[in-house]
Amino acid sequence: MSALKDPLPYDKTSPEDILRYSKLLEGTTFKNVLDNCGPGCRFRDDKGKGRLGQLLEECHFFYMPNSDMKADFEDAGVELKTTPIKRLKNGKIRAKERIVLSIINYMEIVDERWEDCSLMKKSSLLLLIFYLFDRNLKRLDYKILKVLLWQFSDTDLMIIHQDWINIVNKIREGKAHELSEGDTNYLGACTKGIDSNSMREQPFSEIRAKQRAFSLKQCYVNSIISGGFDDAESVIKNVDELKNKTFEEIILSKLDIYSDMSVDDIDRKVGYMQKMNAKNHYALLAARMLGLKKDRIAEFEKGDISIKTIRLKKDGTPAESMSFPAFKYLDIVDEVWEDSRFYEFLTKRFFFMVFQEDDLGILHFKKGMFWAMPSKDLEEAKTVWEETKRRVLADIDNFPKSSESHVAHVRPHGRNKADTYETPSGKNWTKKCFWLNAGYIKEQIGK
DNA sequence: GCATGATCATGC
DNA sequence: GCATGATCATGC
């Protein structure tokens with residue numbers, strides 16, 4: 001850390017004093033910070049370039065941004081993260097993005113151990129500066145709302161530890177190119193680069209892999225902002241549970257006792273008395289089967305893990321394909337694959353609740369299963385998405401069918417056929433969405 | 001029995 | 001009223 005002011009207006013060796021000094025930022029804008037900075041400041045004639053985090057580093061904390069390996073406030077072991085939050089239509093506050101912690105160096109990380117890994121050396125204590133994003137304002141007018149010093153809880157840290165191992169092991173297996181954010185719970189390996197072509201070499205495979213960084217998932221950041229999800233309940237009550245089992249193993253073992261049990265029996269066993277025809281009946285049941293009193297599972301929310309119900313027919317084929325939210329024709333034509341809504345969904349982590357129909361047509365719980373889409377199937381989904389975008393642009397209301405790809409297809413998804421979205425050519429077409437083919441789901445469940 | 005079109009139930 | 005997850009209905 002090279003100081004731009006001497007003496008510094010805070011004690012750079014003390015996390016508490018750094019926090020005290022940082023708190024002065026609450027309620028101010030970046031412009032305010034700039035106005036209080038010296039005349040020679042390089043952010044003065046900000047043309048929209050440069051980063052807001054750097055502005056704070058130089059103009060509020062008076063040091064030059066350092067290299068990647070060390071924490072920003074090295075002497076205090078504090079890493080600074082300046083990150084946007086957004087306000088929803090209902091007034092609630094949410095993270096706008098994931099928080100990127102550090103680039104994953106594929107060549108070196110395979111030799112690291114968790115106990116002294118580069119990630120935690122840098123990111124175990126985070127100074128989080130949240131500012132409110134507003135598309136109607138200039139960047140310098142964004143307001144800093146909240147500053148806090150963040151340290152992971154023991155339980156979260158254990159889950160992040162397991163996530164780290166999963167990511168590093170995949171690289172050790174020569175599969176850096178197959179990494180997905182859906183592989184892990186709180187700590188994700190997100191893509192990071194100027195474009196999707198920033199490829200990197202990896203140690204145990206000739207295949208070049210996208211550059212990725214460790215990051216805290218957006219939903220995890222939400223839990224930081226809201227101080228934990230008040231309405232959600234944790235499955236893991238005590239950190240000791242994670243000493244001998246992974247998070248995934250705990251979840252699956254809790255569900256084991258329900259294996260082959262009929263839905264009626266499960267309902268009785270967990271004392272569940274909801275309307276049986278509710279379409280989210282089985283998803284709600286999952287929380288009860290995991291021993292919760294509420295419907296919302298804290299770990300799944302923080303990890304952005306979507307529960308999907310799969311009903312298998314007698315022959316083991318899913319009764320239905322899997323739907324996703326309807327896409328807007330006006331949106332998809334402006335998207336590129338890596339930033340598209342469908343891509344965002346498919347790179348998530350899923351939890352499948354699988355039920356099997358017996359000879360009498362009664363549903364029995366079969367198993368729970370964590371799932372992320374394999375990267376080669378993601379490539380296939382991309383072709384379906386590209387073709388869909390092409391047809392919207394060409395004004396063709398006839399989309400990829402399940403016979404055109406073994407992974408995904410497009411089908412109506414609205415309240416009825418009169419439920420429409422506008423198209424670029426000004427027409428109104430029935431709302432549609434991407435579906436994962438039933439046959440593809442079957443194949444994935446078999447793994 | 002599958003592929004595709006159409007619609008339902010809920011929560012916010 | 002609408003977005004979302006899920007399921008129903010029909011024709012071949």
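What you see is a predicted model; the values in this text were computed from it and never measured. Chain letters run A, B, ... following the sequence lines, proteins first and then strands; every chain starts at 1.
- Remark: P of dC12(B) and NZ of Lys92(A) are 8 Å apart, rounded to the nearest angstrom.
- Residue side chain Ser323(A) reaches the base of dA6(C) through a donor-acceptor N/O pair under 3.5 Å, judged by distance alone.
- A cation-pi arrangement is present between Lys431(A) and Tyr421(A) under the rule of less than 6.0 angstrom and at most 45 degrees off the ring axis.
- What separates CD1 of Ile310(A) from P of dA6(C) is a distance of 9 Å, to the nearest Å.
- A cation-pi contact links Lys308(A) to Phe324(A), judged by a cut-off of 6.0 Å to the six-membered ring centre and 45° from its axis.
- Remark: P of dA6(B) and NZ of Lys432(A) are 9 Å apart, rounded to the nearest angstrom.
- Electrostatic pairing of Glu404(A) and Lys401(A) does not count as a salt bridge here, judged by no charged N lying under 4.0 Å from a carboxylate O.
- Comparing dA6(C), dC12(B), dT7(B) against the side chain of Lys308(A) picks out dA6(C) as the nearest.
- Distance, Asp295(A) CG to dT10(B) C1': 12 Å, rounded to whole Å.
- No engagement by Phe345(A) is indicated, since no non-hydrogen atom pair under 4.0 Å with the nucleic acid exists.
- Ion pairing between a basic and an acidic side chain is recognised when a charged N comes within 4.0 Å of a carboxylate O; Lys86(A) and Asp134(A) show no such pairing.
- Lys427(A) and Asp395(A) are joined by a salt bridge, as a carboxylate oxygen and a charged side-chain nitrogen come within less than 4.0 angstrom of each other.
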Sort me out a list of protein N/O and nucleotides 2-5 of chain B N/O pairs below 3.5 Å, or just none if empty.
residue	atom	partner	partner atom	Å
dC2(B)	OP2	Lys313(A)	NZ	2.9
dT4(B)	OP2	Ser402(A)	N	2.9
dT4(B)	OP2	Ser402(A)	OG	2.6
dG5(B)	N7	Arg411(A)	NE	3.1
dG5(B)	O6	Arg411(A)	NH2	3.0

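- A salt bridge links Arg390(A) and Glu387(A); the closest N-O separation between the charged side-chain nitrogens and carboxylate oxygens is under 4.0 Å.
- Remark: Arg415(A) is not in phosphate contact with dA6(B), judged by side-chain N or O atoms under 4.0 Å from OP1 or OP2.
- Here the two rings, on Tyr329(A) and Phe327(A), have centers that are under 6.0 Å apart.
- Residues Met322(A) and Lys431(A) each lie close to DNA chain C; by heavy-atom proximity, the contact nearer the 5' end of the strand is made by Lys431(A).
- Between Asn416(A) and Asn90(A), the residue anchored closer to the 5' end of DNA chain B is Asn416(A), taking for each the nucleotide with the nearest heavy atom.
- Where Leu363(A) and Lys328(A) each meet DNA chain C at their nearest nucleotide, the meeting point lying more 5' is that of Lys328(A).
- For residues 438-447 of chain A, proximity to DNA chain B is found at no residue, defined as any non-hydrogen atom under 4.0 angstrom from a strand atom.
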